[in-house]
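Structure, as structure tokens:
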Amino acid sequence: MTVSTHGRMLQQRTSALIAGISLIVMAIAAFFSYGFIHESLVVQGDAAATFHNISSSSHLFTAEIFSWLIIVIADILVSWALYLFLQPIHKSLSLLGAWLRLVYTAILAIAILNLLFVLLLVKPSFDLSSFTIEQIQALMMLFLRAFESIWSIGLVIFGGHLMASPGLFRRSV
């Protein structure tokens, strides 16, 4: 085994380890942020109950946003690590997969901004007295819906990443 072959194998092993750990972190953070917090605070079709839940648990909602940011960072790491891992197999497809995943991650980050807007509406640091409570609640629901809609658009792009990757993973073993 030459030094360059050993270095390449070490790089692939490290990349696989980083991708694997990042995927585990993402799964835990996703369960916590969406599966636990978001699902327990957001009541579909009931703006008043959702407003009450988020305003009375604003620290929990802030933790949800923080968890989404962890997911974004982990997704960037996964994109980079999978590109390095799959590059020796097919450089163009691995690059395409990495870019599609990064585009998805950027769309997710844009979606997360809507959660920040919800937090600003629920715990305002500025005067909202020109709005009625019903208007604030309607805006909050709009931003929650925007989060889910934008994220769903990103998941379509993520599907492209998944379509570019399976053949590369089969060839890697």
Side-chain angles (χ1 to χ4, degrees), residues 15-83 97-166 169:
S15 298
L17 187 62
I18 290 170
I21 290 170
S22 297
L23 286 167
I24 290 169
V25 168
M26 281 178 16
I28 293 168
F31 170 75
F32 179 69
S33 64
Y34 194 75
F36 175 65
I37 299 173
H38 196 84
E39 290 296 319
S40 66
L41 296 180
V42 177
V43 181
Q44 294 298 327
D46 192 344
T50 301
F51 184 84
H52 172 73
N53 290 346
I54 294 174
S55 62
S56 64
S57 302
S58 63
H59 293 300
L60 195 57
F61 192 73
T62 302
E64 175 184 351
I65 295 169
F66 183 71
S67 292
W68 282 111
L69 294 176
I70 290 172
I71 292 168
V72 166
I73 292 166
D75 238 330
I76 292 168
L77 287 173
V78 168
S79 299
W80 168 75
L82 287 180
Y83 170 71
W99 274 111
L100 287 171
R101 190 168 190 125
L102 286 172
V103 168
Y104 157 73
T105 304
I107 292 170
L108 176 60
I110 292 167
I112 293 167
L113 286 174
N114 288 285
L115 297 178
L116 289 172
F117 299 148
V118 168
L119 192 60
L120 288 172
L121 287 170
V122 171
K123 291 291 184 186
S125 57
F126 51 90
D127 184 24
L128 291 176
S129 62
S130 58
F131 293 99
T132 66
I133 189 68
E134 291 80 15
Q135 290 172 323
I136 293 171
Q137 291 171 353
L139 283 170
M140 177 202 63
M141 294 303 280
L142 174 72
F143 288 124
L144 287 169
R145 174 74 59 104
F147 164 74
E148 292 185 6
S149 297
I150 294 168
W151 181 30
S152 294
I153 292 167
L155 288 173
V156 172
I157 304 294
F158 183 76
H161 153 75
L162 293 176
M163 290 172 45
S165 301
F169 285 118

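Atoms considered below: every heavy atom in the structure, side chains included; atoms not considered: hydrogens, waters and symmetry mates.
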Nearest 0.5 Å, please: how far is [atom2] in [Y] from [atom1] in [X]?
X	Y	atom1	atom2	result
Leu120	Ile136	CG	CD1	12.0 Å
Phe147	Tyr34	CZ	OH	7.0 Å
Ile150	Leu155	CD1	CG	12.5 Å
Ser152	Ile157	OG	CD1	12.5 Å
Leu100	Met163	CG	CE	9.5 Å
Ser149	Leu142	OG	CG	9.0 Å

Open item on the list: Between Thr105 and Val72 (side chain of the first, backbone of the second, donor and acceptor by atom type, cut-off under 3.5 Å), is there such a pair?
Closed with: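 Such a contact is absent between Thr105 side chain and Val72 backbone.
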
Open item on the list: Checking the side chain of Ser40 only, and the main-chain atoms of Ile37 only, is there a donor and an acceptor separated by less than 3.5 Å?
Closed with: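 The answer is yes, because a donor-acceptor pair under 3.5 Å joins these two groups.
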
How far apart are the closest heavy atoms of [X] and [Y], and which atoms are they?
X	Y	value
Arg101	Ser79	CG-OG, 3.1 Å
Leu119	Ile65	CD2-CD1, 4.1 Å
Ala74	Met26	CB-CG, 3.2 Å
Ser22	Val78	CB-CG2, 3.4 Å
Met140	Ile54	SD-CD1, 4.2 Å
Ala47	Gln137	CB-CB, 3.8 Å

Open item on the list: I need the single residue from Leu17, Ile18, Leu23 that forms a side-chain contact (heavy atoms from CB on, under 4.5 Å) with Ile21. Which is it?
Closed with: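 Single pass found, and it is Leu17.
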
TODO: Would you mind telling me which of Ile133, Leu121, Asp46 makes a side-chain contact (heavy atoms from CB on, under 4.5 Å) with Phe51?
DONE: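 Running side-chain contact (heavy atoms from CB on, under 4.5 Å) over Ile133, Leu121, Asp46 with Phe51 returns exactly one hit, Ile133.
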
- [ ] Specify whether Trp68 and Trp151 have parallel, tilted or perpendicular ring planes, treating 30° as the upper limit for parallel and 60° as the lower limit for perpendicular.
- [x]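 The rings of Trp68 and Trp151 stand perpendicular, inter-plane angle above 60°.
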
Open item on the list: Set out, in order, the CA-CA distance, both residues' side-chain angles and the distance that settles side-chain contact (heavy atoms from CB on, under 4.5 Å) for Asn114 and Leu144, then state yes or no.
Closed with: CA-CA 7 Å; Asn114 288 285; Leu144 287 169; over 6 Å; no

Any non-hydrogen side-chain atom of [X] less than 4.5 Å from a side-chain atom of [Y]?
X	Y	result
Ile107	Val103	yes
Phe61	Val118	yes
Ile76	Leu102	yes

TODO: With sequence neighbours left out, write down each residue that passes ring pair (Phe, Tyr, Trp, His ring centres under 6.0 Å) with Phe158, or none if nothing qualifies.
DONE: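 Here the qualifying residues are Tyr104, His161.
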
Task: By side chain to side chain contact (heavy atoms under 4.5 Å, CB included) - contacts of Ala30 (at least two apart) - done: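 For Ala30 the side chain to side chain contact (heavy atoms under 4.5 Å, CB included) partners, ignoring immediate neighbours, are Ile71.
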
